[in-house]
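Working notes, structure below.
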Amino acid sequence: MIIVADGSELVLRLEEFIVSAANTTIAKKGAFNLALSGGSLVALLAQSKLAKCLDSDYSRWNIFLADERCVPVSDAESTFGEYCRKMKQFVQETTFPEPFSQGDAGASAREYEALLRRAGVMDLVILGLGPDGHTASLFPPVTPEMLTTENWVEPVYNSPKPPSTRLTMTIPYISQAGLISFVATGSNKIPALKRTSYDRTLPPAVLPKDRVYWFLDGMSASGIQ
Ligand SMILES: O=C1O[C@H](COP(=O)(O)O)[C@@H](O)[C@H](O)[C@H]1O
């Protein structure tokens with residue numbers, strides 16, 4: 001668990017972690033598969049040197065979204081749209097496909113899964129934590145189907161957090177990743193953060209703990225110290 005004083009230190013530690021994972025993976029296998037989340041993570045990463053594409057060969061980075069909201073890219077709720085708006089150079093220099101363009105979420109999920117099956121497993125997945133304990137677009141409670149699905153991507157039609165229609169990487173697929181990291185900032189995350197250590201109805205609690213790294217700022221960490 002990496003606990004830092006504030007958001008700017010968190011940005012530095014997170015960028016070091018991501019770039020180091022990327023460079024090690026590229027040296028071993030020539031490419032780096034990274035899944036990113038949306039929400040508050042986009043603004044954090046936009047402050048990092050990733051946004052300026054420093055210190056790595058970004059042409060070898062394949063970026064995927066851990067989840068996406070099914071809205072037009074021009075909508076402020078579109079995660080792909082937010083990365084395009086806030087990290088234009090990063091989106092241009094990496095391979096960063098748009099997971100949802102329009103139409104049916106089920107068909108988009110199958111198309112996105114086909115793309116992921118060509119790419120293989122993720123080397124690193126960066127996840128957020130909602131105040132309700134959700135991560136990606138995996139909302140509590142975890143059901144047996146969420147744990148056993150063979151799909152890598154699924155549509156979500158009834159998200160309790162708007163927008164209601166989404167795509168999400170599944171728990172079994174995220175669990176295959178080489179590394180998984182959670183980023184949680186702010187005191188509104190404290191109750192969910194505490195519950196992830198024991199409450200397996202929360203999706204973060206069922207991911208493989210040996211490969212999970214937490215990045216917390218002073219506010220979110222104050223509830224667990
Ligand atoms: O809706 C979403 O929420 C989570 C958490 O977002 P945050 O703003 O509370 O950090 C995010 O990880 C996910 O990608 C997003 O679609």
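Both ligands and their constituent atoms are indexed starting at 1 by order of listing.
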Ligand 1 contacted by Leu129 (non-hydrogen, < 4.0 Å):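 Distance cut 4.0 Å: Leu129 passes for ligand 1.
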Heavy atom of Asp67, distance to ligand 1 below 4.0 Å: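 A heavy atom of Asp67 does come that close to ligand 1.
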I'd like to check which ligand 1 atoms, numbered from 1 as shown, lie under 4.0 Å from a non-hydrogen atom of [X].
| X | value |
| --- | --- |
| Ser37 | 12 (O), 14 (O) |
| Lys161 | 1 (O), 2 (C), 3 (O), 6 (O) |
| Ala136 | 13 (C) |
| Arg166 | 1 (O), 2 (C), 16 (O) |

Would you indicate which of Glu68, Lys189, Glu77, Arg69 comes nearest to atom 15 (C) of ligand 1 when only heavy atoms are counted?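 That would be Arg69.
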Select the closest option to atom 10 (O) of ligand 1 among Ser40, Gly39, Gly186, Ser159, judged by heavy-atom distance.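 The residue whose heavy atom sits nearest atom 10 (O) of ligand 1 is Ser40.
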N or O contact, Gly38 vs ligand 1, cut-off under 3.5 Å: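 N/O-N/O distance below 3.5 Å exists for this pair.
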Between ligand 1 and His134, is the shortest N or O to N or O distance under 3.5 Å?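 The answer is yes, given that His134 and ligand 1 share an N or O pair closer than 3.5 Å.
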Inter- and intrachain pairs under side-chain hydrogen bond (donor to acceptor under 3.5 Å, both in side chains), touching residues 109-133, at least two apart: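 Listed once each, the pairs are Lys29-Asp123, Arg110-Glu113, Glu113-Arg117, Asp132-His134.
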Can a donor-acceptor pair be found, under 3.5 Å and without considering hydrogens, that links the side chain of [X] to the backbone of [Y]?
| X | Y | value |
| --- | --- | --- |
| Ser78 | Asp75 | no |
| Lys189 | Leu129 | yes |
| Lys209 | Ala205 | yes |
| Glu154 | Leu167 | no |

Could you pull out the closest heavy-atom pair between Asp217 and Leu10, with the gap in Å?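 Nearest pair, atom of Asp217 first, then Leu10: N-CD1, 3.8 Å.
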Taking heavy atoms and a distance under 4.0 Å, where does Ala66 meet ligand 1: side chain, backbone, both or neither?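 Contact part for Ala66 vs ligand 1: neither.
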For Phe17, check ring pair (Phe, Tyr, Trp, His ring centres under 6.0 Å) against everything at least two apart and list the hits.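 Expected list: Tyr213, Phe215.
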For ring pair (Phe, Tyr, Trp, His ring centres under 6.0 Å), just list the numbers for Phe96 and Phe64, CA-CA rounded to whole Å, side-chain angles, deciding distance to a tenth of an Å, and then say yes or no. CA-CA 6 Å; Phe96 197 148; Phe64 302 93; 8.5 Å; no
